[in-house]
Number of protein chains: 2
Amino acid sequence: VKAGLETFFRSRWVDRPRELMELDAGALPAGFRAAGAACGIKPSSRPDVAVLCCDEDECTSAALFTRNAVVAAPVEVSRAAELTRLRGVAVNSGIANVGDGAHGVEVAHAMAASAAAALGVDVARIAVASTGVIGVGLDRDTVVAGIEQAAGGLAREGGVSFAEAIMSTDRWPKHATVEVPLARGGVRLSAQAKGAGMISPSFATMLCFVETDAAVDAITLGRLLRAGVERSFERVSVDGQLSTNDSVFCFASGSSGIGVRPGSEDEVAFATALDALLRQLALEMVADGEGATRVARLVVRGRVGAVDPAARAVANSPLVKCALHGADPNWGRILAAAGQAVPDARPGSIDLSVEGIAVARGGTAVALSEEERRRIEEAMAQPEVDLHLDLSGGDDEAEIFFCDLGPEYVRINSEYTT
Amino acid sequence: VKAGLETFFRSRWVDRPRELMELDAGALPAGFRAAGAACGIKPSSRPDVAVLCCDEDECTSAALFTRNAVVAAPVEVSRAAELTRLRGVAVNSGIANVGDGAHGVEVAHAMAASAAAALGVDVARIAVASTGVIGVGLDRDTVVAGIEQAAGGLAREGGVSFAEAIMSTDRWPKHATVEVPLARGGVRLSAQAKGAGMISPSFATMLCFVETDAAVDAITLGRLLRAGVERSFERVSVDGQLSTNDSVFCFASGSSGIGVRPGSEDEVAFATALDALLRQLALEMVADGEGATRVARLVVRGRVGAVDPAARAVANSPLVKCALHGADPNWGRILAAAGQAVPDARPGSIDLSVEGIAVARGGTAVALSEEERRRIEEAMAQPEVDLHLDLSGGDDEAEIFFCDLGPEYVRINSEYTT
């Protein structure tokens, strides 16, 4: 534990488990090695290829991929791998390897094969992931040479190097390592992620890799990962666009000798730590969204079936996002976006509050005091803004995190590349 | 007919009926009078209130309103009016009259009442509409005085004055008058509309008013209006946001003495002219979308149930819209947006063309010749860009028109107003 380090769990919307110890982000849990390298895919010469491996043959894994019908070649190749017993993953940034037909699939296969050869494991136990420019072919020899180079530099302390090599237009790397005390001792969890923003033109791909030295059976690992993703990456939106490359991988080496059994208290502690990690990473992605200057959390309350569409409609409304950019508590746009998504909403019973201060009651503007107006103005200018929308008609709740829409998003995404 | 006038039907995507004669846009069909006035709602002192009336007691009408659950007070009041026999409408721009509770409804009622009194007709036969800033109360005395002033200036030639007074941040007024030759003589059709863009902060409200001197029963008029709106205003998107104020009104005075009977050839000619009018007006709205510099038409072909969601997902994708702004034929973003909306799409059989030149076949980039590349580059920089997406799996088609997303949209919609 590095004393004096700022906590990774910076957002007020993430409950940092009290027992958690934060460790050096670069140090992976026992049984894992990683490395990043630069092989020339990115014109900037920054790191653009990375390998992560688990040295335990008995390790378990779980993976989740984009729901988009149009998927990148690496997603196609990874889906066909042995996803419950993966031994490693080879990743490149700079080029997304989408829409390149049979050639793209061949290159993704070659990435897996070269990592498998370097690690001495069956190719079926290697996954691949890519992020970056689309519509550009990924050169096979370049990326294979890069993977070989990265595989040659694999180290237990390679977490930061790995996290930096998977970045695209991310403004900062996203990684953490924590230790979770369980009944029989501590287990460690590391995670590296990259978020929304890439070399233009691009998709807003998210990739996340999680490693633990706990022993967790593949079914439990898959269940915990799905639940954690549901409460983190599934609750954020930069621009409402589902990438063709989104992938989340979780590996359990078992190297600590400490097992996490389904239904145990240890499982609760482990899941809580995993949740906090994924949730903070998801918030980092929103905060680092293309051109983003602030993040809003919106909690919608109402009937089952209405709250989630309303939350997503507000989070993806360009009018709401522009208002957030302008630090403008434009509640009318929030009500209108919700009303578009939930045609049976009763506007006369919709309430909205900003940082706990009611701004609309029964669909009508609240007459604010000078003090309230000042507090809302201040709150809207902060990096995190909290909004609560009550549609009435039920007690179900949906939460969503989204960033603002500023001119920088347009600049990043409208630049012409040839 | 003004010889030498440029045609109103400027878009290549609108078939101008050959027999149609274009008349002075300001001259309304027989039986109608209109006027705009400035009453001080807009800080700019521009015209901000307008009245349209039909002088025939036997006139028929039809109306369509936003599907948003959250509606403006004027929509609430208009919905309760006698929508098949309206005699007129009172409109204001500058303030949208949304979210002002009982006061807003009272003001909307007062608008109808003052127009009814000035015209000497039952208040139940007067509709109202508003567009402009939200979250600001509309002063009753101001708007009522404006309506009285406008009603005092009503004239057969008031079409342009009316169209100008309903503008918000529209860069140009949208209006036309045409004559359609029917079997027993010509009937006239006028229309005035306003589109996306308003004093910030705002919704992207669209309003449209259509007048004809043909005699059309209310059921037929409603059917023709719904069909025309389905092929025009329902097929456009500026930012995917459904306004709380959207309203379309159609009035038939019967003053020409020429009837349009259901099932007749005259009905086809009349409907064709109405369609062309509404379609061009809808395209004007997209072209005049907030910050817009160009319009794209996307035709999606595929199985029933897939084409419309795919078309709307592409049209509302901020990534696609930014690429359009940058004149970038970024076909990967179009495929990704369609794949997000249609999870069972088979990417390996998706084709995309730009101006008839294939850029992707079977989900894979086509190797373009220098000549093709140059032609696409030129086409993307034009004010109108034509895109065809074939998802395969069926022969259903959906068409949508959308504008680009530029920094000006963000500027307009993120400015803080107090």
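For clarity, every value in this text was computed on a predicted model and none was experimentally measured. Residue numbers start from 1 in every chain, and the chains themselves are labelled A, B, ... in the order their sequence lines are given, proteins ahead of strands. Computation of the quantities below employed the complete heavy-atom set of this structure, encompassing side-chain atoms and omitting hydrogens, waters and symmetry-equivalent molecules.
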Just so I understand: if I count every heavy-atom pair under 4.5 Å between each of [options] and chain A, which residue has the most?
| options | answer |
| --- | --- |
| B:Asp100, B:Thr364, B:Val342, B:Ile350 | B:Thr364 |
| B:Ala345, B:Gly339, B:Ala313, B:Gly406 | B:Gly339 |
| B:Val71, B:Asn68, B:Val320 | B:Asn68 |

So which heavy atom on [X] is nearest to which on [Y], and how close?
| X | Y | answer |
| --- | --- | --- |
| B:Trp331 | A:Gly99 | CH2-O, 3.7 Å |
| A:Pro347 | B:Ala69 | CG-O, 2.9 Å |
| B:Val410 | A:Leu405 | CG1-O, 3.6 Å |

Within a 6.0 Å radius of atom [atom1] on [X], are there more than 12 heavy atoms belonging to other residues, nucleotides or ligands?
| X | atom1 | answer |
| --- | --- | --- |
| B:Arg67 | CZ | no |
| A:Glu371 | CD | yes |
| A:Arg303 | CZ | yes |

- Task: Kindly compute the distance separating CD (A:Gln340) from OG1 (B:Thr244), expressed to the nearest 0.5 Å.
- Result: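 OG1 of B:Thr244 is found 11.0 Å from CD of A:Gln340.
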
- Which bit of B:Ala365 is near chain A, if near means a heavy-atom gap under 4.5 Å: side chain, backbone, both or neither?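 For B:Ala365, backbone and side chain are both near chain A.
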
- Pick whichever of A:Gly362, A:Ala323, A:Gly101 has the most heavy-atom pairs under 4.5 Å with chain B.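 Greatest number of close heavy-atom pairs with chain B: A:Gly101.
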
- Item | chain B contact via A:Leu324 - side chain, backbone, both or neither, heavy atoms under 4.5 Å |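 For A:Leu324, neither part sits under 4.5 Å from chain B.
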
